[in-house]
Amino acid sequence: MYQLLSSEKFILESSQIFKKNGNYRKKVAKTLKLLSGNFTHPSLRQHKLGGTKHYSISVDKSIRIIFSIENNDIYLLRIGKHEDVY
């Protein structure tokens with residue numbers, strides 16, 4: 001099991017998303033639970049971002065989470081729409 005650590009940017013962006021649509025709170029929680037257990041779970045649609053040590057997963061069709069992994073820690077870096085986080 002991985003430990004999830006949130007960046008300041010991730011916290012700010014997630015609070016902005018939750019203000020706009022409270023339904024995302026449940027979706028993000030479910031996604032993060034899957035991520036902490038198995039970051040390669042098929043429903044996350046995880047892929048490595050080219051030229052970096054970062055990965056992307058999908059909360060749904062429009063919201064992505066960018067993260068990196070070191071040892072047993074997953075660093076949550078960004079969350080938002082595809083065009084905003086890439």
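The chain is numbered in sequence order, starting from 1. These values consider heavy atoms only, across backbone and side chains, with no hydrogens, waters or symmetry-generated copies. This structure is a prediction, so every number in the text was calculated from the model and none was measured.
- Hydrophobic cluster membership of Leu12, counting Ile, Leu, Val, Met, Phe, Trp and Tyr whose side-chain heavy atoms lie under 4.5 Å apart directly or via other members: none, as it forms a cluster of its own.
- Contact record, Val85 with Gly80: CG1-N, 3.5 Å, taken as the closest heavy-atom pair.
- Annotation: side-chain hydrogen bond (donor to acceptor under 3.5 Å, both in side chains) contacts of Thr40 (sequence neighbours excluded): Asn38.
- Residue pairs meeting the salt bridge (Lys or Arg N to Asp or Glu O under 4.0 Å) criterion with at least one member in residues 29-51, sequence neighbours excluded, do not occur.
- The ring pair (Phe, Tyr, Trp, His ring centres under 6.0 Å) check on His82 picks up Tyr86, with sequence neighbours excluded.
- Scanning for ring pair (Phe, Tyr, Trp, His ring centres under 6.0 Å) contacts around Tyr55 gives Phe39, Phe67, with sequence neighbours left out.
- Taking hydrophobic clusters as Ile, Leu, Val, Met, Phe, Trp and Tyr residues chained together by side-chain heavy-atom distances below 4.5 Å, Ile66 does not share a cluster with Val28.
- Put simply, the side chain of Leu76 reaches to within 4.5 Å of the side chain of Leu32, judged on heavy atoms.
- The distance from the OH atom of Tyr2 to the CG atom of Leu35 is 9.0 Å, given to the nearest 0.5 Å.
- Looking at residues two or more places apart in sequence or on another chain, you find no ring pair (Phe, Tyr, Trp, His ring centres under 6.0 Å) involving Phe18.
- Thr31 pairs by the side-chain contact (heavy atoms from CB on, under 4.5 Å) definition with Leu44, Ile57, Val59, Ile65, not counting sequence neighbours.
- Residue Ser56 comes nearest to Leu49 through the heavy atom pair CB-CD2, 3.9 Å, listed as atom of the first residue, atom of the second, then distance.
- Here the straight-line distance linking atom CD1 of Ile17 with atom CZ of Arg25 works out to 11.0 Å at 0.5 Å rounding.
- Lys27 contributes atom NZ, which lies 11.5 Å from atom OG of Ser58 (distance to the nearest 0.5 angstrom).
- Screening residues 62-73 for side chain to side chain donor-acceptor pair (under 3.5 Å) gives Tyr24-Ser62, Asp60-Ser62 as the qualifying pairs, with residues at least two apart or on separate chains.
- For the pair Leu34/Ser43, a side-chain contact is recorded, criterion being any heavy-atom separation below 4.5 Å from C-beta on.
- Within the structure, side chain to side chain donor-acceptor pair (under 3.5 Å) pairs that include any residue of residues 7-18 comprise Glu13-Arg78 (at least two apart or interchain).
- Residues Leu5 and Ile74 fail the side-chain proximity criterion, which asks for heavy atoms closer than 4.5 Å.
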